[in-house]
Asker: 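Sharing a structure with you now.
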Amino acid sequence: MSRIRVLTLNAALGPLDYRLPHGMAAEPGSIVIVPLGPRQIVGVVWEEDSFPETETVGDNRLRPILGVVDVPPLPAPLRRLIEWTANYYLASPAAVVRMAIASVSALEGARTVLEYRATGREPTRQTEKRAQALERIGERQGLVRELAMIGGVSDAVIRGLIKDGVLEGVEVSIDTPYQEPDPAFAPVTLSHEQIAAADRLIELTRAEQFQPLLLDGVTGSGKTEVYFEAVAEALRMGKQTLVLLPEIALTEPFLTRFAKRFGHEPIAWHSGLRQSERRRAWRAIADGSAKVVVGARSALFLPYARLGLIVVDEAHETSFKQEDGVRYHARDVAVMRGLWEQCPVLLASATPAIETRHQVALGRYEEIQLPARYGGAVMPEIIAIDMTLAPPERGRWIAPPLVKAMEETLAKSEQALLFLNRRGYAPLTLCRHCGHRFQCPNCTAWMVEHRLTHRLACHHCGHVVPAPKECPECHADDSLVACGPGVERIADEVTALFPHARTAIVTSDTLWSPAKAAEFVRDVAGGAIDIIVGTQLVTKGYHFPNLTLVGVIDADLGLEGGDLRASERTFQQIVQVSGRAGRGEKPGRVFIQTRLPEAPVIKALLSGDSARFYATETEGRRIAHAPPFGRFAAIIISDEDPAVAKEVAHRIGNARPKVEGVEIYGPAPAPLAVLRGRHRHRILIHARRQIDVQDVIRDWLGQVQWKASTRVAVDIDPYSFV
Ligand code: ADP
Ligand code: ZN
């Protein structure tokens, strides 16, 4: 009789015991199909002694496993990572293991798909749409849906072309191996400093041991070129590399750059993959043939067969923190993965987080610095504009000194970038007549005007309404006014100031796919754009040699509301956006518009004395026992019924434990009191470093019951306090 423990993918079920029939082979990590009532579900075989709290049934009542899926078992290091993640973030192991499996359909299904390509034959009936589609598709090949996307036409147009014999079907095997990147394809000649750094990274990769390392180099110092040498070494060793990027918008430029160095693109893993691509990538990752994988957070839990190196690029980015489902921080989990896999973990950043610097100070992380830009490019000059002394006219946001600098830049045929971290046209619309404000019906938030799409949108829940023509309350005509600027409004101002300049707006609304991002990069690099107006999306990664001017429209914006990382985040954001200026041979200038020129963060930006800024910030955290010197955790209670949310929050509050070194604040209505129609309350837990805060919370919540309609989420090491 062989009893086997299976972790199902259903969070409500968790682990269950089954019987392994004679003649069937399964080991820990094997992916299996098991019966549940009348249904068949997917699960993963786990070590027998794991999950001791599992309810067991008698041997005679065990049901048999129905089948073992023909893919490699999830490796032991990944199983340990899944357990650790579930434990640390108080998530269900099922929810974590789901991230490793990615999609059940990745496991099964046909081994071939039918793609289409042009035959060269002319359509019997030519239409404008058909001509457009064929022109755009060119030599490319893909599924009907993909070709429709590329061609900018409907699926029906593509199907018509297939029927007409203009496009023909080609069977493509899902198991087609990926082209292997070649470490010797086009190595670059590194500078002295870069060689020293690269040699150390190569040495660590060869050692096949766990070692976190901070690659701390100013913007433009060549961090990517340097860590590419470690990637090359992993390739020579036949090992896999995972590169985590904070935004999917950065993937495309990365792929191109990688292909230049290694001859072939790495495998990209992100939410936009088609099912067939997902299957192909997942299998190649699991059998070790996918050598380099680049992706956003979700690539972290894939079943790499031989992981030899992990890189977290732009490691300071807060978008590595997942804010729903399993609330994990991909940077921190990446380090844990390196521990289980016994490989180095490189965190690359020009503005490392205080948490990461602290690990360096403790000697747990090694550090390599690249203090100068590559190739003699100098750091940009940074100038503050005191908005109380040199304000723009009423209703405008670009101060005269910045306008003048833009004129000079354009006159030299160079490019400028204006940064404002606010999407849309205006953050608030109100009626001048009766004072009505447009608020989201589902959230405690104003509706943001988007003129490009003629809508008002809620940035929290995605609710949109057509742009109103009159006030819904008093019906006065022409009474609606936009309050404050977003990037679209700044772009309007730019157009009014420089009618001949070509302007691009860059936000997640305009760069919503890797292809759009690639198009943007091409346009800027090719000189088709003079002025970029963008949100935080443009602060990262991009390298435009002809971009010599950066204007920060409102440096004080991030300081409002002020959570514990507000100053640090402002500093990072402005250093990163400044880092886009003067990366080529021409020197760059940065203008920072502020009303608080005396604020420590602004002074640090001007003086360039980041060491002092960080020292002061770190000291502040130490005194307050804030992370990394103490720990925070949050409990967020939400329900569609405001009374129930409040009642459960108070019951949880009343059951609070008394533990030395743990302070508990709340429950209190969350600043974002309603989100997606759910009423929210928060409890904040502040604990000394040495306290096992997870254990405290587990015991605490274990004593309180609530209905399934109420959600109680735990956020360990929170980054968001709303
Ligand atoms: P970072 O990631 O530190 O901002 P990058 O790796 O993007 O810096 O390098 C900045 C620019 O300098 C890129 O265009 C890169 O190709 C170039 N570069 C850096 N090092 C070298 C080198 N050794 N040889 C040639 N180009 C280099
Ligand atoms: Zn909303």
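This chain uses plain numbering: 1 for the first residue, then up along the sequence. One-based numbering, in listed order, for ligands and for the atoms of each.
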Asker: Should the proximity of Glu225 to ligand 1, defined as any heavy atom under 4.0 Å, be assigned to the side chain, the backbone, both, or neither?
Answerer: both
Asker: Please find out if less than 6.0 Å separates the ring center of Phe262 from that of His264.
Answerer: no
Asker: Look at His460 and state whether any of its N, O or S atoms is less than 2.8 Å from the Zn ion (ligand 2).
Answerer: no
Asker: I need the minimum non-hydrogen distance between Lys586 and Thr548, along with the two atoms involved.
Answerer: CB-CG2, 3.7 Å
Asker: If you measure from the Lys or Arg side-chain nitrogens to the Asp or Glu carboxylate oxygens, is any gap between Asp715 and Lys321 under 4.0 Å?
Answerer: yes
Asker: Would Gly217 count as a contact of ligand 1 if the rule is a heavy atom under 4.0 Å away?
Answerer: no
Asker: Consider every N or O of Gly222 and every N or O of ligand 1, then say whether any pair is closer than 3.5 Å.
Answerer: yes
Asker: Looking at Gln576, Arg583, Arg373, which one forms a side-chain hydrogen bond (donor to acceptor under 3.5 Å, both in side chains) with Thr219?
Answerer: Arg373
Asker: For ligand 1, which atoms, with element, lie under 4.0 Å from some heavy atom of Leu190?
Answerer: 23 (N)
Asker: State plainly whether the residues Glu229 and Arg261 are in salt-bridge range, i.e. N to O under 4.0 Å.
Answerer: yes
Asker: Rounded to the nearest 10 degrees, what's the angle SG of Cys443 makes with SG of Cys461 at the Zn ion (ligand 2)? Could you check?
Answerer: 110°
Asker: Who's closest to atom 19 (C) of ligand 1 heavy-atom-wise, of Tyr374, Tyr227, Phe228?
Answerer: Tyr374
Asker: Does Cys440 bring an N, O or S atom to under 2.8 Å of the Zn ion (ligand 2)?
Answerer: yes
Asker: Does ligand 1 have any atom that is closer than 4.0 Å to a heavy atom of Val218?
Answerer: yes
Asker: Please find the pair of heavy atoms, one from Glu473 and one from Cys434, that lie closest to each other, and give the distance.
Answerer: CB-SG, 4.0 Å
Asker: Are Glu203 and Arg200 close enough, and set up right, to give a salt bridge (charged side-chain N to carboxylate O under 4.0 Å, His left out), and what steps lead you there?
Answerer: CA-CA 5 Å; Glu203 199 177 358; Arg200 180 63 189 140; 3.3 Å; yes
Asker: Could you work out, for atom 13 (C) of ligand 1, the closest of Glu314, Arg583, Arg257 by heavy-atom distance?
Answerer: Arg257
Asker: Any chance the rings of Tyr719 and His329 have centres within less than 6.0 Å?
Answerer: yes
Asker: Looking only at heavy atoms, is any part of Thr189 under 4.0 Å from ligand 1, and if so is it the side chain, the backbone, or both, or is it neither?
Answerer: backbone
Asker: Heavy atoms only: which of Gln576, Lys223, Arg261 lies closest to atom 3 (O) of ligand 1?
Answerer: Lys223
Asker: Counting backbone and side-chain atoms alike, does His459 have an N/O/S atom under 2.8 Å from the Zn ion (ligand 2)?
Answerer: no
Asker: Would you check if the side chain of Thr444 reaches a backbone N or O of Ala673 as a donor-acceptor pair within less than 3.5 Å?
Answerer: yes
